[in-house]
Amino acid sequence: MSRSVFISGAARGIGRSTALTLARRGWTVGAYDLVDDFAWVAAEDPGRGGIHHGHLDVTDPESWSAALEDFASHTGGRIDAVVNNAGILYAGPFAEEGSFERDAALVDVNVKGVLNGSRAAYPYLKRTPGARLVNIASAAAIYGTPDMAVYSTTKFAVRGLTEALNLEWEQDDITVSAVWPLYAKTGMLDGVSTSGTKRMGVRLTADDVAEAVADVVERERGRVAKVHHPVGLQTKIMYAASHFSPAWLIRFVNAKFTTDRPVRP
């Protein structure tokens, strides 16, 4: 039986591209989403049966349990990898564009959704040798991002959870990693225009990120643990610089890329 991977938020964008990429690499894929928009499966995977799809509300623990159980029924109970991909955002100044309701929605999907997925997936991953959990973080977790303050906050949470579980679950032979894209051309950025997107551009595609996610899912465990995986040259440079630059310089450089507001060095 082929290796199996469960992907949340897989109806569109990065999730869909990741599902197709891993299916082409021979994986049995579970593509689950709140949005029932899976007509592409019949077109892209005709007759192969490599992609199974269904409903998932990542904010609901019972929905996670049902979706994982459903996918496991197609894989003999085995799940080799889970990708916590589902996410949403809003952009604009925190005080003017945000609201209690919009903030709560981002936390529910981007943070609670990843917590729920990790907890629900654990029993399946624990009984599968060499299993993997891959969380989709963001370059917004390198330094707090103006005009995406709440989104950035949620991705810092994903970063923290990834680092903690990478240590906790190593004894269970589960590798926990995070993939860090910058701005990618997906529906999530439709209508989004910030100083950051204008200055740095939206250079990554969903396929770029999907290839990186698939590589992490398939990556052999090395002698030195690699937890975080930046995607694209810009993110790699920013991530590397954040480890060697003083805090004031990181703040100043980040401001130059992400805001038009005057900022002191």
*Would Tyr151 end up clustered with Phe94 when hydrophobic side chains under 4.5 Å apart are linked, directly or stepwise?*
yes
*Is there a side-chain contact between Arg119 and Pro61 (heavy atoms, below 4.5 Å)?*
no
*With distance as the sole test, does Arg102 use its side chain to make a donor-acceptor pair with the main-chain N or O of Glu97 at under 3.5 Å?*
yes
*In Å and rounded to the nearest 0.5 Å, what is the CG to CG distance from Asp103 to Asp108?*
11.0 Å
*How close do Lys155 and Ala141 get, heavy atom to heavy atom, and via which atoms?*
O-CB, 3.6 Å
*Find out whether Thr28 and His52 are in side-chain contact, i.e. whether some heavy atom of one side chain is under 4.5 Å from a heavy atom of the other.*
yes
*asked:* Looking at Lys126, I'd like to know if its NZ atom is crowded, meaning that more than 12 non-hydrogen atoms belonging to other residues, nucleotides or ligands lie closer than 6.0 Å.
replied: no
*asked:* If the test is side-chain contact (heavy atoms from CB on, under 4.5 Å), which one of Val209, Val83, Asp207 qualifies with Ile14?
replied: Val209
*More than 12 non-hydrogen atoms from neighbouring residues, nucleotides or ligands closer than 6.0 Å to CD on Glu170, yes or no?*
no
*Minimal non-hydrogen separation, Arg221 against Asp173, with atom names*: NH1-OD1, 3.2 Å
*If we only count heavy atoms from C-beta on, is the Val109 to Thr59 side-chain gap below 4.5 Å?*
yes
*State, with a plain yes or no, whether a side-chain heavy atom of Arg159 is found less than 4.5 Å away from one of Trp180.*
yes
*Partners of Ser152 by side-chain contact (heavy atoms from CB on, under 4.5 Å), sequence neighbours excluded?*
Ala140, Thr145, Phe156
*How long is the span from the CZ atom in Arg78 to the CG atom in Leu125, to the nearest 0.5 Å?*
11.0 Å
*asked:* Would you compute the distance between atom OG1 of Thr175 and atom CG of Leu165 and round it to the nearest 0.5 angstrom?
replied: 12.0 Å
*asked:* Any side-chain to backbone donor/acceptor pair from Asp80 onto Ser4? Under 3.5 Å, distance only.
replied: yes
*Not counting sequence neighbours, which residues clear side-chain hydrogen bond (donor to acceptor under 3.5 Å, both in side chains) with Asp60? List them please.*
none
*Between Asp147 and Thr194, is any side-chain donor less than 3.5 angstrom from a side-chain acceptor?*
no
*What residues form a ring-ring contact (aromatic ring centres under 6.0 Å, His included) with Trp27, not counting sequence neighbours?*
none
*Which residues share a ring-ring contact (aromatic ring centres under 6.0 Å, His included) with Trp64, sequence neighbours left out*: Phe6
*For the pair Asp208 (side chain) and Thr205 (backbone), establish whether a donor and an acceptor sit closer than 3.5 Å, ignoring hydrogens and angles.*
yes
*Are any of the side-chain heavy atoms of Ile51 and Leu20 separated by less than 4.5 Å?*
yes
*Kindly give the cluster partners of Ile237, where membership spreads through any ILVMFWY side chain lying under 4.5 Å from a current member.*
Leu233
*Between Val29 and Leu34, is there a shared hydrophobic cluster once you connect ILVMFWY residues whose side-chain heavy atoms come closer than 4.5 Å?*
no
*State, to 0.1 Å, how close Ser193 and Lys198 come at their nearest heavy-atom pair, and which atoms those are.*
OG-CE, 3.0 Å
*asked:* Which label fits Tyr239 and His243: parallel for a plane angle under 30°, tilted from 30 to 60°, or perpendicular past 60°?
replied: perpendicular
*Atom CG in Asp33, atom CD1 in Ile7: separation rounded to 0.5 Å?*
11.0 Å
*Look at the side chain of Lys112 and the backbone N and O of Val58, then say whether any donor-acceptor pair between them is shorter than 3.5 Å.*
no
*Report yes if some heavy atom in the side chain of Ile88 is under 4.5 Å from a heavy atom in the side chain of Asn110; otherwise report no.*
yes
*Indicate yes or no for a side-chain donor-acceptor contact from Thr128 to the backbone of Ile79 under 3.5 Å, with no hydrogens or angles considered.*
yes
*asked:* Could you measure the distance from the CG atom of Asp215 to the OG atom of Ser177? Nearest 0.5 Å is fine.
replied: 12.0 Å
*Less than 4.5 Å apart, any side-chain heavy atom of His228 and any of Glu163?*
yes
*State whether the side chain of Thr235 and the backbone N or O of Ala139 hold a donor-acceptor pair below 3.5 Å, judged by distance alone.*
no
*asked:* Working to the nearest 0.5 angstrom, can you tell me the gap between Met148 CE and Leu89 CG?
replied: 5.0 Å
*Any idea which heavy atoms bring Ser63 and His55 closest together, and the distance?*
OG-CD2, 4.2 Å
*Heavy-atom side-chain proximity of Val192 to Tyr183 below 4.5 angstrom*: no
_Using every non-hydrogen atom in the two residues, find where Asn84 and Ser118 come nearest and quote the distance to one decimal._
ND2-OG, 3.4 Å
*Would you call Asp37 and Arg12 a salt bridge, using N to O less than 4.0 angstrom?*
yes
*Sorted by first residue and then second, give each ring pair (Phe, Tyr, Trp, His ring centres under 6.0 Å) pair with at least one member in residues 108-131; sequence neighbours left out.*
Tyr122-Trp169
_Minimum heavy-atom distance between Ser17 and Ala206, given as atom pair plus value_ = OG-CB, 3.5 Å
*Look at the side chain of Asn135 and the backbone N and O of Ala137, then say whether any donor-acceptor pair between them is shorter than 3.5 Å.*
no
*Judged by atom type as modelled, is there a donor-acceptor pair below 3.5 Å linking the side chain of Ser8 to the main-chain atoms of Asn85?*
yes
